[in-house]
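Scroll down for the structure; my scribbles are underneath it.
Computed from heavy atoms alone, side chains included, the values below leave out hydrogens, waters and symmetry copies.
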There are 2 protein chains.
Amino acid sequence: MPIRPTDQVLHKAAWLYYTHGMRQDEVAKHLNISRASVAMYLRRARETGIVNIATSTQLFADDVLARQLEDAIGLKSVWIVPEDRHALDPTAEMPVVAAAVFLELIGKGGRVGVAWGRTVYHIADVMPFADLQGVTVVQLCGNLGAPYSYRPDQCTTEIARRLNAEGINFYAPLVLSSERLAHELRQEPVIQEQLATIPDCTLALYSVGGIEADSHLVKCGALTAEEMKALGEAGAAGVIAGQVIDREGQLMDCTHNRRCISADLDSIRSIPKRMMVVQEDEKLEPLVAAIKGGFASHLIITASMARRLLDRLSGTMAPGSGT
Amino acid sequence: MPIRPTDQVLHKAAWLYYTHGMRQDEVAKHLNISRASVAMYLRRARETGIVNIATSTQLFADDVLARQLEDAIGLKSVWIVPEDRHALDPTAEMPVVAAAVFLELIGKGGRVGVAWGRTVYHIADVMPFADLQGVTVVQLCGNLGAPYSYRPDQCTTEIARRLNAEGINFYAPLVLSSERLAHELRQEPVIQEQLATIPDCTLALYSVGGIEADSHLVKCGALTAEEMKALGEAGAAGVIAGQVIDREGQLMDCTHNRRCISADLDSIRSIPKRMMVVQEDEKLEPLVAAIKGGFASHLIITASMARRLLDRLSGTMAPGSGT
DNA sequence: CACGGGCTCTGACAAAAGTCAAATAGTCTT
DNA sequence: AAGACTATTTGACTTTTGTCAGAGCCCGTG
């Protein structure tokens, strides 16, 4: 694409204002335009990510609980979204924190795998605009026409759009009606190639799904409430990228999983930074399973969840090296 | 260090204002402080790098010349600082561009090697403040008590300070009076260990020195004007991290180099991102040598230098694949 | 326990930035 | 080549932000 002159002005205005600290009227004089235009350009520069204003997420990582959790379960980093009285609504805040952390974790030229779910969609929705050329956003799981329109491809596309990154969608359904068909589809070169690129990701973004009757997979029609109930009785504990895992975080041996087209769990585990974001208080058990399964290296949760998680894990895992 | 409550307020104010887009009076209400305090906190948040405002350096990379150079000599990226009439002073602008590019190129947890010279010092001087925890800044060459006070350790320290990164200084002189002593000092565990970490750097920042009578090495007393002249006649073309290189960018076989304590040229070459910044118009020949020697993967130069470089190189190197 | 010294905080004012309706330029269509 | 439509630009206005001198507060010290 050739260089559009409009973009040049946008860049110049942003550079002079933000990097040089000129006032808007100085920029206007410099570029021979009106100050109002400068203000407009600057807004667009912010909106398109030419200018990136990032606030350190340190605030959320600087929490005693966060440190304890890091020590207790050996995670790289934990961010705690506070729930105290005059804090903001933690449920609304979490995606914002997650988006900021996400931006901090992507490096130039990185490859990011994005899964699907309500949480991920909300994160996409508040993702700031940035100019991350060279970044690729790939979809971690197949598609599912959801009634709530949180389609997997939408999550990927939206994030890629906001980051000025390349988005690679996955043109396969998440669940097929037969194991045979799923197997055959996975053999297709297009699909196979895409699945093969997933271990190259440097960062993964997902949540863990629950296995209740009102869980996402059930609501979207991938499983009936009965099937889900049966899976629960058979030892299921959560859902990762559309696939059901047991209490130890291992892939369940079940029809549903065999009918799924999604990133292989081992591929996901091999991604260096695995960002797990959990909003719902009910997801303690799924989260424990996901952590045991090695699906989280970076965790973003509420303070109450952090406390419960710490209680829950301090018994079953090594007590860690912290004081 | 424990968490200081003041910092918490700083972080909170910055978060609410910049990430949530609250107005200052809303932030003030939220935190139960006066609006003026909020304004003050926000300034401090910007100054300390809690908030990072970065402008894309795309503007300087989006240049036809830059593309041509990238094609012609196979560099990863070239940034051109324009010199047209109503642009800013290119000499003053270059360090600013370099600092912005530098910030774009460092990844979280990266290790950065910083060499020494007037240019590097100026870059340090305009480096924005940022909160890059986990980054380490290492000194690439030994120290030299310069009359102009651009000491190598100052460059490293200043950059580390501004980035909230760890700075590792190199406690050895750049040049010793005898080859024997230099050799012995290089064997010292402390020195050896530090030199050994240089290939682990992900990013290097330096310029190339000239070999004139008024070059930096001469001014700082590392070499006399006569010695430098002799080196020039023997085929010297430039200086990299205190060491003299020939026209092909290879280490000169000379006493001075053997008396130097500095990063091994091969170590430098093995750093993935090698950011070379050249301000002075007279440094065409040193730059050509540095490029031939593989010391630049990312180049920041003026438009006129770019043109001359392109002319100079199109004859001696493969014409490249560009149109 | 009174006394600095160094902070932070406050209220009011000045400066800068955001916004909007109307005018203008540019572009594509017929 | 005129017309219709969209996107940009502008000047005037409002809102928001930066700043500063003085008040208040905390903490260690004599």
Side-chain angles (χ1 to χ4, degrees), chain A residues 1-56 58-59 62 86-88 96 126 128-131 161-162 164, chain B residues 1-56 58-59 62 86 88 96 126 128-131 161 164:
Chain A
M1 177 168 33
I3 302 140
R4 275 185 298 165
T6 313
D7 283 8
Q8 283 295 83
V9 185
L10 234 70
H11 274 96
K12 276 189 190 171
W15 182 261
L16 295 173
Y17 185 77
Y18 286 105
T19 304
H20 276 271
M22 277 187 185
R23 272 185 277 107
Q24 292 190 357
D25 52 353
E26 293 180 291
V27 176
K29 209 166 58 195
H30 204 93
L31 300 176
N32 268 64
I33 51 178
S34 78
R35 204 192 51 73
S37 298
V38 174
M40 194 262 285
Y41 284 144
L42 292 179
R43 178 155 33 83
R44 288 178 61 229
R46 285 189 301 263
E47 281 168 0
T48 54
I50 288 172
V51 170
N52 195 270
I53 303 185
T55 312
S56 160
Q58 197 58 29
L59 171 60
D62 260 358
H86 66 168
L88 300 137
V96 182
V126 296
F129 288 80
D131 191 24
R161 186 178 75 84
R162 301 222 183 182
N164 256 311
Chain B
M1 179 168 32
I3 302 141
R4 276 185 298 164
T6 314
D7 283 7
Q8 283 296 82
V9 186
L10 235 69
H11 274 97
K12 276 190 189 169
W15 180 261
L16 294 174
Y17 185 77
Y18 286 106
T19 304
H20 276 271
M22 276 187 186
R23 270 182 278 108
Q24 294 189 355
D25 53 352
E26 292 180 293
V27 176
K29 210 169 55 194
H30 205 95
L31 300 177
N32 269 62
I33 52 176
S34 76
R35 215 204 84 259
S37 299
V38 174
M40 193 258 288
Y41 284 143
L42 293 180
R43 176 153 38 79
R44 304 227 327 294
R46 284 187 302 263
E47 281 167 3
T48 54
I50 288 172
V51 170
N52 194 272
I53 304 185
T55 312
S56 160
Q58 196 59 29
L59 172 61
D62 261 355
H86 67 169
L88 301 135
V96 181
V126 295
F129 288 81
D131 192 23
R161 188 178 73 85
N164 255 312

(request) If a protein heavy atom is under 4.0 Å from the base, mark B; if only from the sugar-phosphate, S; if neither, -; do that for nucleotides 17-27 of chain C going 5' to 3'. (result) BBB--------

(message) For a 4.5 angstrom cut-off between non-hydrogen side-chain atoms, does A/Leu31 reach A/Leu16?
(response)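 Heavy-atom side-chain distance check passes, below 4.5 Å.
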
(request) Would you mind reporting whether B/Tyr41 and B/Ile33 have side-chain heavy atoms less than 4.5 Å apart? (result) yes

(request) Measure across A/Gln24 and A/Tyr17 and return the closest heavy-atom pair with its distance rounded to 0.1 Å. (result)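 The answer is CG-CE1, 3.4 Å.
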
(message) Using OP1 and OP2 only, check whether a side-chain N or O of A/Ser37 sits under 4.0 Å from D/dT10.
(response) yes

(request) Return no unless some side-chain N or O of B/Tyr41 is found under 4.0 Å from OP1 or OP2 of C/dC9. (result) yes

(request) Round to the nearest Å and state the distance from A/Leu10 atom CG to D/dT9 atom C1'. (result) 14 Å

(message) Measuring from atom CG of A/Asn32 to atom NE2 of A/His30, what distance do you get when rounded to the nearest 0.5 angstrom?
(response)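 A/Asn32 atom CG to A/His30 atom NE2 measures 9.5 Å (nearest 0.5 Å).
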
Between side-chain atoms of residues 47-56 of chain A and protein atoms elsewhere (two or more places apart, or another chain), which donor-acceptor pairs fall under 3.5 Å?
unit_1: A/Thr48; atom_1: OG1; unit_2: A/Arg44; atom_2: O; d: 2.7
unit_1: A/Thr48; atom_1: OG1; unit_2: A/Ala45; atom_2: O; d: 3.4
unit_1: A/Asn52; atom_1: ND2; unit_2: A/Phe129; atom_2: O; d: 3.4
unit_1: A/Thr55; atom_1: OG1; unit_2: B/Thr19; atom_2: OG1; d: 2.9
unit_1: A/Ser56; atom_1: OG; unit_2: A/Gln58; atom_2: N; d: 3.0
unit_1: A/Ser56; atom_1: OG; unit_2: B/Asp131; atom_2: OD2; d: 3.2

(request) When you get a sec, tell me which of C/dT8, D/dG11, C/dC9 is the closest nucleotide to the side chain of B/Ser34? (result)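 Nearest to the side-chain atoms of B/Ser34, counting from C-beta on, is C/dC9.
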
(message) My understanding is that only residues two or more places apart in sequence, or in another chain, count here; which of them pass side-chain hydrogen bond (donor to acceptor under 3.5 Å, both in side chains) with A/Tyr18?
(response) A/Arg46

